[in-house]
Amino acid sequence: MGRYAVKKHGKMKSKNARIEISKLALDDIYVDLLKLQDRLKENTEEYRRVRVKIFVLGYLAQNDWVWLTVRELIDELLKYSILSPNDLKDTKWEAFIRMFLYRLYKNGFLERKVTIVGTLAYKYKVKTEKMKNPMVFFYKSYSELVREEGEVW
């Protein structure tokens, strides 16, 4: 193992990778997800995963003063018909959202606090200093963003 390499989860990574992630803003991640959504075909599993990520990230950013649990986010996904009650029969979507939030937390984009001590119930909130332009999170497609804001991304 070289001096400038780190072994994480069985894979070799450069130490520079963490620096690059720390320079990213939450807006960049959101815009990349919007671009990916526009490229994918509707009604595929990958498209639904990207839509859930976009909604969760956008909802957290629009409500940046509120601490939210995974359960509250799932309730909002149901309310906006992004997920159906049939999707929640197995815990796949809950685990997917929990893992997405955990990754954002580990990369420094979210704050986290324990709701009930001794359980895995956490509340998450966006770090507002990681957002460049909060208006970006109101757009639901990349083409709409480009039409309104121009080609700045």
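Quantities reported herein were computed from a predicted structural model and do not represent experimental measurements.
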[X] side-chain N/O to [Y] backbone N/O, donor-acceptor pair under 3.5 Å:
X	Y	value
N107	F109	no
D87	L83	no
Y124	L60	no
D28	A25	yes
N63	Y59	yes
T115	A121	yes

Considering non-hydrogen atoms only, spot the tightest contact between [X] and [Y] and give its length.
X	Y	value
S141	D38	CB-OD1, 3.8 Å
I82	R51	CG1-NH2, 3.4 Å
I54	Y30	O-CE1, 3.4 Å
L110	L101	CD1-O, 3.6 Å
K41	Y47	O-CB, 3.2 Å
V114	Y122	CG2-CE2, 3.5 Å

I want to check something: taking the side chain as every heavy atom from C-beta on, are [X] and [Y] in contact at a cut-off of under 4.5 Å?
X	Y	result
L33	Y142	no
L36	L40	yes
F96	K53	yes
I97	L77	yes
L88	L78	yes

Among the clusters formed by ILVMFWY side chains lying less than 4.5 Å apart, do [X] and [Y] turn up in the same one?
X	Y	value
V146	F138	no
W67	W65	no
F137	V66	yes

Evaluate the side chain to side chain contact (heavy atoms under 4.5 Å, CB included) criterion for residues K125 and L68: first the C-alpha distance (whole Å), next the side-chain angles of each, then the deciding distance (0.1 Å), finally the verdict. CA-CA 7 Å; K125 184 173 93 166; L68 294 165; over 6 Å; no
From CA spacing to verdict: salt bridge (Lys or Arg N to Asp or Glu O under 4.0 Å), K127, D64: CA-CA 8 Å; K127 288 185 179 177; D64 60 353; over 6 Å; no
Inter-residue atom distance [X].[atom1] - [Y].[atom2], 0.5 Å rounding:
X	Y	atom1	atom2	result
R98	T69	CZ	OG1	8.5 Å
R39	L34	CZ	CG	11.0 Å
R48	S84	CZ	OG	6.0 Å

Between [X] and [Y], does at least one N-O distance fall below 4.0 Å, as a salt bridge requires?
X	Y	value
E45	K92	yes
K130	D27	no
K79	D75	no
R49	E46	no
E144	K140	no

Given side chain to side chain contact (heavy atoms under 4.5 Å, CB included), test F100 with V56 step by step and report yes or no. CA-CA 9 Å; F100 178 61; V56 167; 4.2 Å; yes
Could you go through the side chain to side chain contact (heavy atoms under 4.5 Å, CB included) check for L57 and V126 one step at a time? CA-CA 9 Å; L57 199 53; V126 168; 5.7 Å; no
If you count the non-hydrogen atoms of other residues, nucleotides and ligands that lie under 6.0 Å from OH in Y102, is the total more than 12?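 No, OH of Y102 has 12 or fewer neighbouring heavy atoms, counting only those of other groups under 6.0 Å.
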